[in-house]
Number of protein chains: 2
Amino acid sequence: MITLAAAQLFREKGFPSTGMRDLAGEVGVEAASLYNHIRSKAELLQEICFRVANDFNAQLMEVEASENLTGLEKLEAIVRFHIQMWINRLDEVMVTNNESKYLEEPYNGTFLNERRVYVRRLEQVIEDGMRKGNIKKVQPYAVVLTLMSAVRGIEFWHRTKKNISAEELEENMVLHLVKGLKK
Amino acid sequence: MITLAAAQLFREKGFPSTGMRDLAGEVGVEAASLYNHIRSKAELLQEICFRVANDFNAQLMEVEASENLTGLEKLEAIVRFHIQMWINRLDEVMVTNNESKYLEEPYNGTFLNERRVYVRRLEQVIEDGMRKGNIKKVQPYAVVLTLMSAVRGIEFWHRTKKNISAEELEENMVLHLVKGLKK
DNA sequence: GTCTATATAAGGATAGAC
DNA sequence: GTCTATCCTTATATAGAC
């Protein structure tokens with residue numbers, strides 16, 4: 001898959017520094033041949049960013065619909081999903097986080113808007129949990145900022161994976177980030 | 001200061017996409033004139049990254065030497081410093097976090113090594129706090145990853161600053177990230 | 001110090017043969 | 001589909017006049 005090879009290169013070298021010749025070498029063809037499969041370099045970035053965004057949105061929608069879960073349980077499900085995305089799909093998720101600023105308009109604007117909406121929906125989960133029950137009194141906006149960024153540290157775990165297993169990492173992060181919010 | 005103008009542009013546009021003509025425009029001269037003040041574009045990135053790294057190292061050394069502080073108090077002092085750096089020196093700190101991969105060798109290797117040493121020293125603070133007293137049993141490595149990344153969310157707070165003040169943001173993050181570790 | 005002009009390299013993308 | 005050759009733009013950095 002060209003898109004996944006692109007995600008790996010965009011992560012490692014950055015989007016502007018990744019040449020079509022680099023990507024072609026990874027895929028095993030000449031640069032010109034890539035254009036039989038893709039329209040442009042910019043399109044590859046769009047596909048990566050919006051696919052990841054869609055996956056996050058779909059999971060959040062699922063959680064919002066789970067009426068049997070408490071607020072804290074919803075938050076835990078969301079945080080676990082973020083952690084697993086960073087563990088299992090690092091290339092795509094890092095490109096979405098670090099390279100989306102290179103999206104051309106109107107895609108960059110759309111992307112930022114989608115992110116704002118996502119943040120607001122996550123704040124809503126926290127507010128509901130605070131009102132109805134088991135989440136302690138905090139500023140939802142500050143908590144969302146913290147949660148969504150904290151998982152970015154998993155980037156460095158990937159470089160060795162020696163200090164701790166994926167499962168231990170997830171449990172430690174959940175304990176630190178979510179259980180600390182229990183009333 | 002050319003270095004600070006560079007930090008702002010490197011943050012906004014990314015290091016590879018920032019042209020010397022962009023920087024010259026920001027400074028108010030032609031691109032060629034910049035070379036009477038700096039040696040190269042690469043040198044600007046080095047200055048930014050290592051100055052920030054030095055500031056973090058200096059603060060950590062200070063905290064390590066404070067024998068009157070408990071482990072948890074040391075950790076809180078470190079986390080507050082990170083938060084304040086992200087609030088007050090966003091351009092430089094973001095370039096150090098996001099653009100350091102564009103450092104040429106041997107600078108990139110040196111930088112990554114310094115980071116590893118910093119992480120290990122922070123783990124040591126947590127281990128000491130766990131053994132001697134008031135930090136709950138956790139995996140120090142996971143906690144350090146989480147703490148150092150969580151503050152990156154402040155990037156998004158800067159875009160509006162309307163939801164919450166700098167002081168509230170700091171207190172909420174400390175409450176979430178540090179107090180949750182109290183035994 | 002400043003500038004204009006330019007050397008040299010590399011980028012994304014296309015043309016057209018097969 | 002693949003390739004070679006190339007167009008055109010832009011990049012960092014330097015030369016040399018003032």
Side-chain angles (χ1 to χ4, degrees), chain A residues 1-51 91-92 94-96 98-111, chain B residues 1-51 91-92 94-96 98-111:
Chain A
M1 196 58 155
I2 292 177
T3 311
L4 286 185
Q8 186 188 335
L9 288 174
F10 292 167
R11 169 176 77 84
E12 289 173 358
K13 304 166 63 76
F15 178 75
S17 302
T18 300
M20 296 308 276
R21 291 159 184 82
D22 298 325
L23 180 56
E26 200 71 26
V27 174
V29 295
E30 291 301 313
S33 305
L34 289 172
Y35 289 89
N36 288 309
H37 304 275
I38 63 164
R39 231 182 302 274
S40 67
K41 181 183 167 186
E43 191 192 58
L44 284 168
L45 183 61
Q46 292 158 26
E47 277 173 19
I48 295 165
C49 292
F50 286 100
R51 190 147 62 94
D91 292 337
E92 298 161 84
M94 273 191 69
V95 168
T96 304
N98 299 344
E99 314 295 324
S100 71
K101 65 164 168 276
Y102 300 112
L103 286 169
E104 295 166 345
E105 295 303 345
Y107 300 101
N108 188 45
T110 306
F111 181 85
Chain B
M1 195 58 153
I2 292 176
T3 310
L4 285 186
Q8 186 187 335
L9 288 174
F10 293 168
R11 168 175 79 84
E12 288 172 359
K13 304 167 64 76
F15 177 76
S17 302
T18 300
M20 296 307 276
R21 291 163 184 78
D22 298 324
L23 180 57
E26 200 71 26
V27 173
V29 295
E30 290 301 313
S33 305
L34 289 172
Y35 290 90
N36 289 309
H37 304 273
I38 62 163
R39 231 182 302 273
S40 68
K41 182 182 165 185
E43 191 191 61
L44 285 168
L45 183 61
Q46 293 157 27
E47 276 173 18
I48 295 165
C49 292
F50 285 101
R51 188 146 64 95
D91 292 339
E92 298 161 84
M94 274 191 68
V95 169
T96 304
N98 298 344
E99 314 294 325
S100 71
K101 64 164 168 276
Y102 301 111
L103 287 169
E104 296 166 345
E105 295 302 346
Y107 299 101
N108 188 45
T110 306
F111 181 83

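So you know, we letter chains A, B, ... as the sequences are listed, proteins then strands, and number each from 1.
- If you take CZ of A/R21 and P of C/dG12, they are 7 Å apart, rounded to a whole angstrom.
- Within the nucleic acid shown, B/S17 has no heavy atom closer than 4.0 Å to any nucleic acid atom.
- Looking only at side-chain heavy atoms (C-beta outward), B/L34 and B/L23 come within less than 4.5 Å of each other.
- Atom C1' of nucleotide C/dG1 and atom CD1 of B/I38 are separated by 15 Å, given to the nearest angstrom.
- For the pair B/F50/B/L45, no side-chain contact is recorded, criterion being any heavy-atom separation below 4.5 Å from C-beta on.
- Checked against C/dC3, C/dG1, D/dA13, the side chain of B/H37 finds its nearest nucleotide in C/dG1.
- In this structure, the CG atom of A/L34 is 17 Å from the C1' atom of C/dA15, given to the nearest Å.
- At whole-Å resolution of the value, CZ in A/R39 and C1' in C/dG12 are 16 Å apart.
- Following rounding to the nearest Å, B/F10 (CZ) and D/dT12 (C1') show an atom-to-atom distance of 12 Å.
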Self-check item: Worked verdict on B/Y102 versus B/V95 for side-chain contact (heavy atoms from CB on, under 4.5 Å)
Solution: CA-CA 10 Å; B/Y102 301 111; B/V95 169; over 6 Å; no
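- A salt bridge (charged side-chain N to carboxylate O under 4.0 Å, His left out) check over residues 20-33 of chain A, counting only residues at least two apart or in different chains, returns the pairs A/K13-A/D22.
- Taking atom CG of A/L9 as the reference point, atom P of C/dG11 lies 13 Å away to the nearest angstrom.
- Within the 4.5 Å cutoff, the side chain of B/I38 has no heavy atoms near those of the B/T3 side chain.
- Annotation: proximity of residues 22-31 of chain B to DNA chain D (heavy atom, distance under 4.0 Å) is found for no residue.
- Comparing C/dG1, C/dG12, D/dT14 by their closest approach to the side chain of A/Y35 singles out C/dG12.
- Residue B/K41 places its side chain closer to D/dT12 than to any other of D/dT12, C/dA13, D/dC3.
- Summarising the geometry, atom CD belonging to A/E43 is positioned 10.5 Å from atom CD1 belonging to A/I2; distances are rounded to the nearest 0.5 Å.
- One can place OH of B/Y102 at 14 Å from P of D/dT12, the figure rounded to the nearest angstrom.
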Side chains of residues 104-111 of chain B: which donor-acceptor pairs under 3.5 Å do they make with residues two or more places apart or in other chains?
residue : atom : partner : partner atom : Å
B/E105  : OE1  : B/G109  : N            : 3.0
B/T110  : OG1  : B/P106  : O            : 3.0

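- Among the nucleotides D/dA11, D/dG1, C/dA5, the one closest to the side chain of B/A32 is C/dA5.
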